Colleague: 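There's a structure below that I have some questions on.
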Amino acid sequence: QVQLVESGGGLVQTGGSLRLSCAASGRTSSMYAIGWFRQAPGKEREFVAAITWVGGTTYSAAAVKGRITISRDIANSTVALQMNSLKPEDTAVYYCAGTLSGYGSTVYSRREYRYWGQGTQVTVSS
């Protein structure tokens with residue numbers, strides 16, 4: 001089992017920055033990847049970024065590429081999502097998710113993730 005807890009959401013103006021954190025506990029040594037997803041009201045949950053736990057390979061969605069950085073701290077079992085140049089369309093509940101298996105592009109699919117946090121709200125005002 002893996003437990004995930006997000007933090008760092010909030011209200012920010014357009015162009016501002018936020019740093020989200022995901023704290024993992026449990027079977028983190030078996031983790032393949034941790035991803036970030038977001039869900040806006042009335043929309044599907046969508047992939048934002050992911051990082052493989054051991055190799056540190058990163059993936060990001062086209063909508064946020066160049067504006068976000070995902071990183072991990074294995075010693076503290078945390079994954080951070082630094083978001084810059086935020087836009088109103090970035091407003092959503094952000095979830096971190098963990099998977100114990102996978103390869104390559106499977107990290108883009110929410111179906112690959114078994115463990116989910118409770119989410120943290122990000123609101124970008126115009």
Side-chain angles (χ1 to χ4, degrees):
Q1 292 287 345
V2 174
Q3 294 79 42
L4 302 169
V5 179
E6 305 95 337
S7 61
L11 173 65
V12 65
Q13 291 185 331
T14 295
S17 298
L18 277 176
R19 184 178 179 87
L20 306 184
S21 182
C22 176
S25 60
R27 293 181 58 190
T28 56
S29 61
S30 300
M31 193 82 65
Y32 172 70
I34 284 187
W36 284 95
F37 290 76
R38 66 186 183 185
Q39 188 167 19
K43 294 189 176 181
E44 295 281 322
R45 191 170 297 189
E46 64 177 4
F47 172 81
V48 177
I51 187 167
T52 59
W53 195 248
V54 175
T57 302
T58 61
Y59 304 81
S60 60
V64 298
K65 199 176 290 285
R67 299 190 294 122
I68 66 96
T69 302
I70 186 169
S71 60
R72 88 245 189 268
D73 180 343
I74 294 177
N76 291 303
S77 297
T78 58
V79 171
L81 184 69
Q82 176 68 41
M83 303 189 296
N84 303 319
S85 303
L86 284 163
K87 307 174 183 180
E89 51 263 45
D90 294 317
T91 295
V93 177
Y94 283 71
Y95 299 89
C96 71
T99 178
L100 302 183
S101 62
Y103 59 92
S105 62
T106 63
V107 300
Y108 291 99
S109 173
R110 64 185 183 187
R111 295 174 183 81
E112 291 296 322
Y113 295 84
R114 180 175 181 180
Y115 306 102
W116 292 83
Q118 82 287 352
T120 186
Q121 177 71 46
V122 171
T123 303
V124 184
S125 64
S126 56

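Residues: numbered from 1 along the sequence shown. This one's a predicted model, so the numbers in the text were calculated from it and none came from an experiment.
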Colleague: Do Arg110 and Tyr95 touch side chain to side chain, with heavy atoms closer than 4.5 Å?
Modeller: no
Colleague: So how far is it from Gln1 CD to Arg114 CZ, rounded to the nearest 0.5 Å?
Modeller: 6.0 Å
Colleague: Is there a path of hydrophobic side-chain contacts, each under 4.5 Å between heavy atoms of I, L, V, M, F, W or Y residues, that connects Tyr108 with Ile34?
Modeller: no
Colleague: Mind checking whether Thr99 and Tyr115 have side chains closer than 4.5 Å, heavy atoms only?
Modeller: no
Colleague: Quick one: does any side-chain atom of Thr52 pair with a main-chain N or O of Thr57 as donor and acceptor, under 3.5 Å?
Modeller: yes
Colleague: So, taking the atom named CD in Gln82 and the one named CD1 in Ile70, what distance separates them when rounded to the nearest 0.5 Å?
Modeller: 12.0 Å
Colleague: To the nearest 0.5 Å, what is the distance between CD1 (Ile51) and CZ (Arg72)?
Modeller: 5.0 Å
Colleague: Does the separation of the ring centres of Phe37 and Tyr113 fall below 6.0 angstrom?
Modeller: yes
Colleague: Group every Ile, Leu, Val, Met, Phe, Trp and Tyr by side-chain heavy-atom contacts under 4.5 Å, then state whether Leu86 and Leu11 land in the same group.
Modeller: no
Colleague: Kindly say whether Thr106 contributes a backbone atom to a donor-acceptor pair with the side chain of Ser109 at under 3.5 angstrom?
Modeller: no
Colleague: Hey, any chance Leu20 and Met31 share a hydrophobic cluster, counting ILVMFWY side chains that come within less than 4.5 Å of each other, even indirectly?
Modeller: yes
Colleague: Report yes if some heavy atom in the side chain of Pro88 is under 4.5 Å from a heavy atom in the side chain of Thr14; otherwise report no.
Modeller: yes
Colleague: So, do Met83 and Arg67 sit near enough that their side-chain heavy atoms are less than 4.5 Å apart?
Modeller: no
Colleague: Identify the heavy atoms of Cys22 and Leu4 that sit nearest to each other, and give their distance.
Modeller: SG-CD2, 3.9 Å
